[in-house]
Amino acid sequence: MEDAKKLLGSVQISQEIITEVKNEVKHIADFKIKVEKYLAENTTQLLDVILFSSIYLGASDIHIEPEQTSSRLRIRLDGVLQDVIFFEQNIYHTLISRLKLLSKLKLNIVDRPQDGRFTVLADELLIEMRVSSLPAEYGESIVMRILNPKNLIGLEALGLRKDLYKAFEKEINKPNGMIIVTGPTGSGKTTTLYAFLMKIQNPEIKVITIEDPIEYHLKGVSQTQVAPEKGYDFSDGLRSIVRQDPDVILVGEIRDLETAKISLQASLTGHLVLSTLHTNDAAGTIPRLVDLGADPASIASGLKMAIGQRLVRKICKKCSTMEKPSAKELEELEKGLANLPKEIELSELKTVKVAKTKEGGCEACNFTGYKGRQGLYEAFQIDAEIERFILSNPPVSDVKEMARKKGMVTMYQAGLIEIAKGITTFDEVKRVVEEE
């Protein structure tokens with residue numbers, strides 16, 4: 001039965017491995033010991049150990065990378081890659097063959113990229129694994145994206161400031177218009193959009209999503225997945241979706257003019273449209289849509305809110321300390337937070353204490369000093385003045401300046417606020433957000 005499941009694109013993790021990992025794997029060093037044990041004893045269960053240990057430690061991705069004489073296993077924890085172990089090439093080839101079978105990738109193709117997916121059944125959870133294979137100098141580099149349904153969280157759990165929560169709630173409850181979330185891959189855009197859907201979903205409205213691929217399954221929501229190889233892409237899917245009488249449409253990503261045009265048209269004809277766009281910040285949304293070829297008049301009328309997003313690691317509460325900021329740090333906080341909108345509540349900076357991570361961390365944080373992540377957001381709503389401004393086709397710098405005049409808190413300022421609250425550190429904010 002287990003072998004049959006594996007051939008059908010799913011793998012059942014045995015209760016024995018689940019119990020063993022839960023009892024013995026608390027951090028990366030334990031993970032390495034566990035992999036070493038199975039390298040020596042039972043390579044047929046090695047992939048199961050790698051998969052469940054990564055899931056149990058909260059990794060978002062697993063990387064298997066061939067090098068000249070060995071191969072490397074790494075996992076991404078809280079957005080940062082960490083080495084687990086190096087192993088011999090014969091083990092690498094065994095793992096790759098099994099992964100390609102599971103993911104329905106062609107075994108005989110090694111000279112071009114392939115994408116696939118499979119499901120892990122573990123601990124009464126169904127966890128989707130998205131697999132990408134890429135030709136590299138010494139073999140195929142494999143990356144598995146772990147789509148754990150436990151990562152699906154509601155709007156209340158995003159850790160939003162009160163002003164942002166109110167702004168988001170106001171916009172997602174409007175009957176029409178477009179909300180775009182921007183940021184690089186892995187910045188939490190999908191998590192934010194799904195949180196929006198979970199907040200507004202009810203039996204009285206029809207919600208349809210078109211994604212590439214479907215990342216998480218949502219109850220009560222109609223979800224469709226693009227299949228470019230069959231001629232079914234975002235623009236084709238969107239045309240069909242609009243004929244399905246939806247109230248809310250989620251478009252996984254706006255990549256081309258056709259998708260942008262149909263999405264904007266839908267937002268102007270009684271639909272709430274949620275989508276993502278690859279730009280550096282919220283202000284870049286408008287010039288990016290214009291670059292794709294969208295009509296500025298449609299953008300001005302259809303777009304209701306642009307959101308920029310990043311994820312920063314939170315300090316480990318078990319090993320970090322709170323200290324008085326240095327003169328330079330205090331100056332940076334005072335300068336960066338000088339003109340915040342009055343609705344943002346912040347303690348007097350003269351008395352604030354900032355978090356300092358312990359070098360080498362502790363077991364609880366995988367010896368990194370950080371545990372868990374927090375979103376940094378910037379968002380601006382489109383009012384009549386900004387609508388007129390969009391028609392002049394402004395550059396990113398002018399859009400940003402206008403948004404700040406309207407009270408937008410930038411991602412960098414959002415980071416400084418989290419520092420002042422003792423949630424994260426200066427180093428971490430500067431790692432993910434450009435200084436202003």
Side-chain angles (χ1 to χ4, degrees), residues 155 158 167-168 171-201 205-216 218 221-226 228 232-242 244 246-296 298-310 375 377-382 390 399:
L155 198 60
L158 287 180
F168 289 177
E171 291 302 328
I172 63 177
N173 282 304
K174 285 182 177 176
N176 58 273
M178 186 181 220
I179 300 172
I180 290 183
V181 182
T182 73
T185 303
S187 59
K189 301 186 297 294
T190 303
T191 300
T192 299
L193 288 181
Y194 276 47
F196 289 169
L197 288 186
M198 289 162 75
K199 182 72 175 175
I200 57 179
Q201 164 63 359
I205 63 169
K206 184 173 182 74
V207 180
I208 305 181
T209 77
I210 178 162
E211 303 169 68
D212 181 22
I214 294 168
E215 294 203 8
Y216 302 102
L218 288 175
V221 173
S222 301
Q223 294 174 273
T224 179
Q225 183 170 310
V226 299
Y232 181 62
D233 56 21
F234 277 116
S235 52
D236 294 321
L238 263 173
R239 286 191 196 93
S240 302
I241 283 172
V242 173
Q244 289 271 313
D247 298 286
V248 180
I249 304 168
L250 186 149
V251 183
E253 186 187 338
I254 294 175
R255 298 175 181 169
D256 53 57
L257 172 59
E258 201 63 23
T259 307
K261 278 171 70 175
I262 302 166
S263 300
L264 285 165
Q265 195 58 41
S267 74
L268 293 166
T269 52
H271 307 90
L272 177 65
V273 180
L274 309 173
S275 192
T276 71
L277 196 64
H278 280 286
T279 68
N280 278 330
D281 51 25
T285 303
I286 294 158
R288 176 74 181 122
L289 288 171
V290 172
D291 285 346
L292 285 173
D295 177 21
S298 296
I299 300 168
S301 307
L303 186 64
K304 297 301 176 192
M305 176 180 267
I307 302 164
Q309 171 169 349
R310 294 290 188 281
Y377 303 88
E378 62 181 22
F380 69 91
Q381 290 157 291
I382 311 297
I390 291 170
V399 177

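Here the structure is a predicted model, which means the values were calculated and not measured. All values below were derived from every heavy atom in this structure, side-chain atoms included, with hydrogens, water molecules and symmetry-related copies excluded.
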Side-chain donor-acceptor pair under 3.5 Å between Y232 and S240, yes or no? no
Hey, does I254 have a side-chain heavy atom less than 4.5 Å from the side chain of M178? yes
Would you say that I200 contacts N173 through its side chain, given a criterion of any heavy-atom pair below 4.5 Å between the two side chains? yes
For E215, all residues meeting salt bridge (Lys or Arg N to Asp or Glu O under 4.0 Å), sequence neighbours excluded: R130
Step-by-step side-chain contact (heavy atoms from CB on, under 4.5 Å) determination, F196 to V248: CA-CA 11 Å; F196 289 169; V248 180; over 6 Å; no
For G252, is there any backbone N or O sitting under 3.5 Å from a side-chain donor or acceptor partner on E211? no
Residues two or more places apart in sequence or in another chain: which of them pass ring-ring contact (aromatic ring centres under 6.0 Å, His included) with Y194? Y216
What residues, two or more places apart in sequence or in another chain, satisfy side-chain contact (heavy atoms from CB on, under 4.5 Å) together with V221? Q201, V207, T209, L218, Q223
Side chain to side chain, F168 and M305, heavy atoms closer than 4.5 Å: yes
Is the closest side-chain heavy-atom distance between H278 and T185 below 4.5 Å? yes
Does a side chain donor of either Q309 or T192 reach within less than 3.5 Å of an acceptor in the other side chain? yes
Just by distance, do the side chain of K261 and the backbone of D256 share a donor-acceptor pair under 3.5 Å? no
Salt bridge (Lys or Arg N to Asp or Glu O under 4.0 Å) against K206, all qualifying residues, sequence neighbours excluded: none
Who are the salt bridge (Lys or Arg N to Asp or Glu O under 4.0 Å) partners of R288, not counting sequence neighbours? none
Apply side-chain contact (heavy atoms from CB on, under 4.5 Å) to residues I262 and V251 and explain how you reach the verdict. CA-CA 10 Å; I262 302 166; V251 183; over 6 Å; no
Any residue meeting salt bridge (Lys or Arg N to Asp or Glu O under 4.0 Å) with D236, in chain and number order, not counting sequence neighbours: R239
Candidate list I241, D233, L250, test side-chain contact (heavy atoms from CB on, under 4.5 Å), partner I210, passing option: I241
